[in-house]
Amino acid sequence: MLVGFKNDKPIFLQLAEAIEDDILSGTYTEDSQIISTTDMAVTLRINPATANKALGYLVDEGSIYKRRGVGMFVMPGARGKILTKRRERFGQYFVEPLLLEAAKLSLVEQDVIAMIKERGGVK
Amino acid sequence: MTTIAVKNLSKRFGAIRAVDDVSIELAPGKIYGLLGRNGAGKTTLLNLITQKIFQDSGQVMIDGCDVAVHDALLSHIYHMTDKNYFPDAFRVKKLFRFCQAFYPEFHLPYAEALAEKFSLTPSKTLSQLSSGYATILRAILALASNAPVVFFDEPVLGLDAAHRELFYRELIAHSCQSPKTIVISTHLIDEVAEILEEVIILQTGRIALQQPVEELLEQACLVTGANDKVSNFVAGRTVVGGETLGNAKAAIVMSPITLDERHAGEQAGLEFSRVNLQRLFIALTNQPGVQR
């Protein structure tokens with residue numbers, strides 16, 4: 001998990017999403033241990049409380065669980081949950097800005113669909 | 001775990017109110033950024049808290065006790081200043097042993113490990129150290145002090161980029177291992193923005209604000225777009241800064257913007273983005289007397 005922080009949302013959320021990405025891609029499999037707060041804070045040069053907040057968020061989301069004295073692990077079924085959540089947001093986070101930009105450039109729906117097809121469609 | 005409370009602290013130097021009715025509280029385990037423009041009173045405030053100089057009025061309380069009465073409590077704070085208080089002829093390794101003898105909590109193996117990481121030669125005398133290495137040595141002494149509260153006043157002054165990175169990482173690793181209250185006073189805000197949990201901004205001796213970094217950044221919003229549209233949108237809101245470039249305008253808004261307002265703004269061609277801490281700091285401290 002290597003994150004180049006952007007300035008578009010809180011750091012803890014960017015961290016949580018980076019871990020979710022790793023769960024989606026299979027870097028972290030179910031019941032495997034994820035990076036510790038200390039490692040995350042030191043490697044990414046961030047406040048330990050921010051790293052904790054990211055992990056707390058993932059616990060609340062049901063994506064990871066804590067084993068006392070050992071660390072944090074990926075919850076069975078987390079990948080499916082994250083997939084559902086991300087799909088629900090896809091329209092708002094990706095399609096909406098696409099449509100806004102298309103409107104700015106006076107592109108019509110067919111233009112946008114043609115461009116998607118030109119690139120081989122959704123893979 | 002040590003709590004520090006500063007109550008209505010004031011200090012004048014002649015006609016200048018260097019620290020003017022300052023009240024702050026430092027909770028255990030947090031990393032604070034003490035920010036302020038040149039001459040804002042940062043160093044004076046730290047010197048007052050550690051009683052290197054004495055206040056005209058006000059109190060400094062450590063764990064609820066007034067340090068003016070219980071000065072032994074000052075041993076809870078290690079203050080890294082820009083000065084070297086040790087003899088020039090001392091060698092680094094001798095200084096480490098000296099510190100171990102005088103400060104019971106001083107962690108010698110950690111100091112030696114840090115010296116090696118920073119390639120600080122233990123056999124050098126203090127007078128042989130470059131200004132960068134003199135700073136590194138003071139930072140090492142502060143980290144190895146094991147005091148529950150550590151003040152770093154300009155901890156990376158004169159350090160090259162690689163050494164600054166190393167210092168920040170060591171600071172974070174150290175605070176994970178043994179949680180303590182850390183106050184970093186620095187002008188390099190971009191470098192520490194993600195390390196800080198809370199900021200204290202001083203302006204001409206007064207507290208302009210004390211707030212968690214994330215909360216502060218969530219409050220601020222940069223609105224950009226066509227000059228007239230931005231002006232219309234920000235009318236009646238709290239604007240702390242911004243700039244105009246030809247027909248385009250950027251404004252930093254500090255009052256809440258609802259999702260509906262934002263959506264309407266986006267439809268009208270405005271862009272909304274987060275502001276980083278350094279830019280926000282500059283905007284806030286360029287204001288004549290931020291009062292909150």
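Note that the structure is a prediction, hence the values are computed from the model and not measured. Residue numbers begin at 1 in each chain, while the letters A, B, ... track the order of the sequences.
Interface residue B/Val192: only backbone heavy atoms are found under 4.5 Å from chain A. Only the side chain of B/Glu214 comes within less than 4.5 Å of a heavy atom in chain A; its backbone stays farther off. Neither the backbone nor the side chain of B/Ser273 has a heavy atom closer than 4.5 Å to any heavy atom of chain A. When heavy atoms are compared at a cutoff of 4.5 Å, B/Gln177 does not approach chain A at all. Using a 4.5 Å cut-off between heavy atoms, A/Leu100 touches chain B through its side chain atoms alone.
The environment of B/Asn247 atom CG is sparse: at most 12 non-hydrogen atoms of other residues, nucleotides or ligands sit within 6.0 angstrom. The local environment of CD in B/Gln267 is crowded, with over 12 non-hydrogen atoms from other residues, nucleotides or ligands closer than 6.0 Å. Within a 6.0 Å radius of CD in B/Glu116, other residues, nucleotides and ligands contribute 12 heavy atoms or fewer. Under a cut-off of 6.0 angstrom, the local environment of NZ in A/Lys66 is sparse, with at most 12 non-hydrogen atoms contributed by other residues, nucleotides or ligands. Within a 6.0 Å sphere centred on CZ of A/Arg89, other residues, nucleotides and ligands contribute more than 12 heavy atoms. Within a 6.0 Å sphere centred on CG of A/Leu105, heavy atoms belonging to other residues, nucleotides or ligands number more than 12. For CD of B/Glu271, the number of neighbouring non-hydrogen atoms (other residues, nucleotides, ligands) closer than 6.0 Å is 12 at most.
Among all heavy-atom pairs drawn from A/Asn47 and B/Leu196, the shortest one is ND2-C, 3.5 Å.
Interatomic distance, CD1 of B/Ile172 versus OG1 of A/Thr37, reported as 13.0 Å (0.5 Å rounding). In this structure, CD in A/Glu96 is found 6.0 Å from NE2 in B/His263, a value given to the nearest 0.5 Å.
Put simply, the side chain of A/Arg45 never gets that close to the backbone of B/Arg169: no donor and acceptor are under 3.5 Å apart.
With contacts defined as side-chain heavy-atom distances shorter than 4.5 Å, the pair B/Arg274/A/Pro10 qualifies.
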